[in-house]
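Report on the following structure.
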2 protein chains.
Amino acid sequence: MTVHDKILTSFHRSTVFDPKIVHRPAGDAPTYFAAGAEIYAQGEKCGGLYTVEFGAVRVYRLLADGRRQISAFHLAGEMFGFETDVTHHFFAEALCATGIRIQRTTLLHGDLAGALLPMALQSLVRAQEHLLVLGRQNATERVAAFLLDMSDRQGGLRTIELPMARADIGDYLGLSIETVSRVFSRLRQKDVIRLPNLRGVEIVKRQALEDLAA
Amino acid sequence: MTVHDKILTSFHRSTVFDPKIVHRPAGDAPTYFAAGAEIYAQGEKCGGLYTVEFGAVRVYRLLADGRRQISAFHLAGEMFGFETDVTHHFFAEALCATGIRIQRTTLLHGDLAGALLPMALQSLVRAQEHLLVLGRQNATERVAAFLLDMSDRQGGLRTIELPMARADIGDYLGLSIETVSRVFSRLRQKDVIRLPNLRGVEIVKRQALEDLAA
DNA sequence: CGGCAATTTGAAGGCGCTCAAAAGTAGTGG
DNA sequence: CCACTACTTTTGAGCGCCTTCAAATTGCCG
């Protein structure tokens with residue numbers, strides 16, 4: 001039992017689980033999840049690998065006292081669910097209406113592993129870059145890096161629709177929701193971004209964001 | 001070019017490079033590095049995978065202004081150097097006298113990849129657990145988790161010899177060296193640990209550390 | 001329009017950082 | 001062996017960024 005497993009032994013879910021699953025077919029066909037629906041939970045047996053067909057996913061861990069760290073968001077086309085153990089060490093939930101293709105991979109070696117290694121390494125690099133953000137950047141830098149990352153992963157669009165709430169962004173960036181909101185407001189005041197909807201973000205001055213992210 | 005690559009374009013090494021390499025044979029034989037010696041640098045062409053035979057290694061990234069984030073320490077028996085690109089995105093340096101076995105892997109698929117996937121996933125899980133520490137734990141919790149991790153990875157020994165300086169611990173945990181030192185002192189005052197040497201740590205009350213790490 | 005949740009904004013306080021200096025450690029050479 | 005130097009670690013004081021607590025505002029959906 002590792003340090004972090006120990007941390008989580010006393011965990012209990014804070015809200016009652018409501019699956020909200022519209023349709024879960026057998027085999028490799030996509031499964032549909034409503035916003036907030038659980039895809040898998042810590043301690044569950046690993047079911048394989050997951051590919052986001054549409055929508056978005058948050059993957060996170062919890063501390064015993066309820067503090068949450070979202071280790072990654074996964075958007076359409078991305079793969080997640082890599083684990084070293086037979087049971088999940090993380091929770092995965094849909095951020096919005098989401099379609100997931102589940103590949104049941106009992107054997108993780110041979111040619112299949114050869115195809116998976118690049119995907120796993122992609123996740124590793126993302127996690128390592130996120131370590132730099134969490135370890136050494138201030139609130140403004142974190143939010144700027146986050147917005148640029150989200151934009152890049154949606155094709156570098158000028159206007160993006162965030163699939164997650166402020167609370168999710170905070171738990172991803174290691175900040176309180178109030179601080180996230182304050183940074184958004186400050187960026188809006190400086191005309192670096194515009195906030196047309198609650199979830200929409202228009203990047204007005206990309207260069208300014210990039211300067212801030214450093 | 002990603003956000004983080006951009007961040008690092010203006011990077012320059014802060015100290016003059018002194019290889020201090022005693023012996024670097026060809027092929028798969030181990031290479032020896034003195035304390036502080038560079039194993040590879042950001043931007044260099046990837047040479048393959050690296051296995052620590054003895055000693056210890058730090059892998060890190062830098063921001064343009066010199067802030068450093070150590071993404072991982074690697075001890076004897078551990079493998080590192082996984083990259084998605086043809087060039088390194090990180091720096092790797094020996095923390096002390098260290099022997100490294102370099103496997104030159106031109107093809108990262110097939111059975112070889114099958115053997116590598118578990119190692120890569122191990123790195124991924126470590127990075128994700130570290131995200132929880134950096135994102136959601138305070139200074140005391142971070143140091144406690146670090147000490148337990150170091151102890152566990154050295155066989156759960158009661159007394160361990162840290163191969164790294166306070167500055168390295170700080171850059172790993174996202175803290176200043178002063179804060180790391182203060183937490184060490186506080187743990188010593190509470191008789192949770194003892195500090196026989198500058199680098200030595202004796203874990204007197206493991207349970208207390210585990211309670212703190214949560 | 002009314003009600004609920006999410007977001008925003010404000011005020012006060014705390015944790016960790018920066019700056020600074022003292023104490024301890026190691027390495028070198030006389 | 002000891003003196004000298006350079007570096008690391010420790011300790012102190014003050015400050016600033018972010019958090020917490022609280023309340024106002026906005027947005028959304030019936």
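Below, chain A is the first sequence line, B the second, and so on; all start at residue 1.
- Listed candidates were C:dT8, D:dT11, D:dT9. Nearest to the side chain of B:Arg199 is D:dT9.
- When heavy atoms are screened at a 4.0 angstrom cut-off, B:Asn138 is found touching the sugar-phosphate backbone but no base atom.
- Distance B:Arg186 CZ to C:dG16 C1': 10 Å, rounded to the nearest Å.
- Counting atom types as modelled, A:Glu178 pairs a side-chain N or O with a base atom of D:dC21 as donor and acceptor under 3.5 Å.
- Side-chain proximity of A:Arg166 to C:dT18, C:dT8, C:dG16: nearest is C:dT8.
- Residue A:Gly174 is classed as a sugar-phosphate contact, given heavy-atom separations below 4.0 Å to backbone atoms only.
- Looking at A:Gln103, A:His74, A:Arg101 one by one, the single match for side chain to side chain contact (heavy atoms under 4.5 Å, CB included) with A:Met79 turns out to be A:Gln103.
- Listed nucleotides: C:dC17, D:dC18, C:dT7. Nearest to the side chain of B:Leu175: C:dC17.
- What you find for A:Ala92 and A:Val57 is that their closest heavy atoms are CB-CG1, 4.3 Å.
- Taking the side chain of A:Arg182 as heavy atoms from C-beta on, and the options D:dC18, C:dG10, C:dT18, the nearest nucleotide is C:dG10.
- In terms of position along DNA chain C, the nucleotide closest to A:Leu198 lies nearer the 5' end than the nucleotide closest to the other residue of the pair A:Arg136 and A:Leu198.
- For the pair A:Leu173 CG and D:dC17 P, the interatomic distance rounds to 19 Å; values are reported in whole Å.
- A parallel orientation is assigned to the rings of A:Tyr50 and A:Phe80, their planes being inclined by less than 30° (bins at 30° and 60°).
- Out of D:dT8, C:dT7, D:dT19, the shortest distance to the side chain of B:Ala165 is found at D:dT8.
- Annotation: of the two residues near DNA chain C, A:Phe184 and B:Thr179, the 5′-most nearest-nucleotide partner is A:Phe184.
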